[in-house]
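For reference, the structure is listed below as structure tokens.
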Amino acid sequence: MKNIIKDLIIKSLSKIDKSSNISIESIEVSICKDKKFGDFSSNVSMKFAHLYDLKPRDLARKIIHEIEENDNILKIEVAGPGFINFFVSKNTQFEIIEKILEDKTSFGKNKEGNNKKILIEFVSANPTGPLHVGHGRGAAFGDCLSNILKENGYEISKEYYVNDAGKQIDILTLSVLQRYHELIDNNYDFNYEDLYKGEYVWDIAAEIHRKHEKNFFIENLNSMKINNIDDYISSVKNILSEKKFNEVKNLAVNFIQVNIKKTLILSGINFDSWFFESSLLRDNNLKKVISFLSNNNHTYEKDNALWFKSQQIGDEKDRVLIKENKDHTYLSTDIAYHKNKVERKFNKVINIWGADHHGYVPRIKGAFNIFSKGESDLIILLVQFANLFRGKDKISMSTRSGNFITLEQLLKEVGKDATRFFYIARKSDQHMDFDIELAKSNNSNNPVYYIQYAHARICSIFKQSIENGMQFSFNKDYLELLSKEEEMKIIKKLSSYPDIIKKSAEKYEPHLLTNYMRELAQEIHSYYNKFQILVDDSKLRNARLALIEASRYVLKNSGRIIGINMPDKM
RNA sequence: GCGCCUGUAGCUCAUUUGGAUAGAGCAUCGGAUUUCUAAUCCGAGGGUAGUAGGUUCGAAUCCUACCAGGCGCGCCA
């Protein structure tokens with residue numbers, strides 16, 4: 001209907017001025033929230049009045065004067081500063097119910113994406129410990145966004161980048177070895193502060209001890225002089241041998257990764273691919289990328305280090321790629337990773353990062369553009385941290401000390417549905433407070449139960465209808481019996497669902513969908529309380545059943561996208 | 001100090017890419033179950049949109065300054 005109106009406006013405009021070159025994309029038509037302004041409204045006359053050298057209201061009048069007759073439109077008015085308001089016939093509005101009942105679970109899908117390929121990378125937490133609640137928001141956001149983009153006809157690949165190389169992993173390995181030695185001989189107690197101290201480190205050490213016994217034991221580790229963590233790492237590597245150190249490393253990383261995957265599955269998230277940082281270091285991959293940059297004049301040498309000319313591609317300053325000690329920096333592998341992303345020929349690449357990485361955005365975007373040469377877009381979406389509350393009490397966390405709530409604990413305590421819903425119910429770039437008590441509560445305070453209850457209620461009515469021998473049978477001719485204000489409100493809400501799907505994809509904002517679900521649920525509850533659905537008049541009854549059945553599909557579909565269950569019974 | 005993000009009701013947040021009278025929930029107060037699930041509904045109060053300017057038909061939204069908060073500014077990852 002929106003498109004029909006846009007078309008009418010364009011035609012009218014070209015009648016007023018044959019040379020008009022206003023495109024259909026620039027015509028805005030929106031669904032009115034207040035019914036006194038009609039069903040649809042457009043601001044074209046205010047937007048373009050200056051082009052015609054007219055006052056907005058005068059242009060609006062002209063547009064209306066020239067507009068073609070259309071059976072769907074009852075009347076058109078000029079209002080306020082120059083809005084053109086369209087009043088649509090009821091039968092036209094009822095069409096949406098028919099469409100939903102036809103499309104069922106595919107209602108809302110569109111082909112905007114045109115099967116374009118998108119790589120979306122998210123979570124990508126270092127495998128140095130279990131996922132904690134801080135990772136949860138990015139995880140839920142990335143997964144919901146993926147679902148939304150799929151709904152819009154994009155082909156999505158979800159990827160997790162595993163930082164399985166580098167210093168943090170060495171520190172993890174060392175932490176595990178430390179606990180391992182303590183397990184074997186409790187005289188070993190070298191509490192070095194940089195090491196990971198979470199419970200899970202004990203678990204890994206215990207497993208290694210169980211499987212490999214004293215295979216990695218170093219007799220005099222206790223007496224080793226420790227100046228700094230780097231020396232410590234290299235000494236242990238030397239004594240134990242690089243091979244054995246790597247063996248422990250692999251065992252540790254693998255252990256944690258299994259744990260992370262488990263947590264993600266509990267969150268309802270499946271990744272299509274896992275990309276290992278270590279794969280970038282094999283076969284001289286990284287070297288090739290760096291020589292490519294050097295050959296194309298993107299690097300220079302200074303102070304015995306190799307620098308990336310990141311300033312000329314939008315960064316605040318230049319950055320080091322190869323350190324004085326010949327180690328590569330984190331940035332190097334990240335650039336190599338993004339080169340790889342470009343080579344995989346996606347139409348668009350999306351990264352979801354914690355907001356604390358925002359300073360990192362220009363250099364990666366810059367590097368990406370060097371490789372993609374404009375053939376692909378990199379979009380980096382930042383997700384702010386969530387503060388965790390238990391009622392009024394803020395739960396503070398420190399990661400290194402191991403004193404944090406894991407995502408798994410949260411999922412077990414709150415449940416997958418509420419966890420996902422709460423994480424994405426706010427704009428991602430907005431700080432948010434996550435109240436565990438609220439998410440757990442099963443009363444009206446909790447929007448998840450509120451929405452699910454609306455769905456369950458509808459199911460319950462259908463169950464009742466069957467028990468009472470009032471089986472639903474759809475006949476579109478009965479729909480005109482829907483005349484109550486509440487009914488028309490719900491119809492209007494249902495009509496706007498496809499727009500919400502489209503918009504939440506365009507803006508990368510899943511929270512639009514959670515807001516929508518809440519609003520729809522509210523209208524359903526109000527309607528339910530005010531009117532009897534299962535009335536004796538079978539025509540009216542079937543019309544009402546059609547309305548709530550359509551609502552049910554929309555709830556079900558949006559629930560599928562958000563990743564929350566819509567129960568038939570509660 | 002420099003850069004990025006944010007500031008909306010007592011609290012948590014929306015506001016359909018600049019639209020019409022800024023809306024929900026919680027909390028507070030008052031009401032509704034002989035009727036399809038009260039995990040629900042109906043009603044009331046509550047606002048100088050951080051402050052001050054600017055841009056235009058029109059600003060919570062865009063620009064500038066200031067105030068307040070978060071984050072980032074390593075040859076760390």
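Predicted, not measured: the structure shown is a model, and the values here were computed from it. Any value given below was found using the heavy atoms of this structure, including those in side chains, with hydrogens, waters and symmetry copies removed. Numbers restart at 1 for each chain; the letters A, B, ... are given by sequence-line order, proteins then strands.
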Kindly state whether the pair A:Tyr360 / B:rG72 counts as stacked, where counting means centroids closer than 5.5 Å and planes tilted less than 30° apart. no
Looking at B:rC42, B:rG19, B:rC36, which one has an atom nearest to any side-chain atom of A:Phe83? B:rG19
Please tell me which of the listed nucleotides, B:rC42, B:rC36, B:rA77, lies nearest to the side chain of A:Ile461? B:rC36
The nucleotide from B:rA24, B:rC5, B:rU17 with an atom nearest the side chain of A:Asp429 is B:rC5
Please give me every residue in residues 309-319 of chain A whose heavy atoms get under 4.0 Å of an atom in RNA chain B, ordered by residue number. A:Glu316, A:Lys317
Given the structure, check if the side chain of A:Ser41 and the base of B:rA20 hold any donor-acceptor pair shorter than 3.5 Å. yes
Note: A:His298 and A:Gln312 closest approach over all heavy atoms is ND1-NE2, 3.5 Å
Does A:Asn126 reach a base, just sugar-phosphate, or nothing at all? Heavy atoms under 4.0 Å. sugar-phosphate
Check whether any side-chain heavy atom of A:Phe40 sits under 4.5 Å from a side-chain heavy atom of A:Ile31, and report yes or no. yes
Non-hydrogen side-chain atoms of A:Asp58 and A:Tyr52 separated by less than 4.5 Å: no
Decide, yes or no, whether a salt bridge links A:Asp499 with A:Lys2 under the criterion of side-chain N to carboxylate O below 4.0 Å. yes
Any N or O donor-acceptor pair linking the side chain of A:Asp170 to the base of B:rA77 at under 3.5 Å? no
N or O in side chain of A:Tyr450 less than 4.0 angstrom from B:rC41 OP1/OP2: yes
Between the protein and nucleotides 69-71 of chain B, list the N/O to N/O atom pairs that are separated by less than 3.5 angstrom.
| residue | atom | partner | partner atom | Å |
| --- | --- | --- | --- | --- |
| B:rC71 | O2 | A:His358 | NE2 | 2.8 |

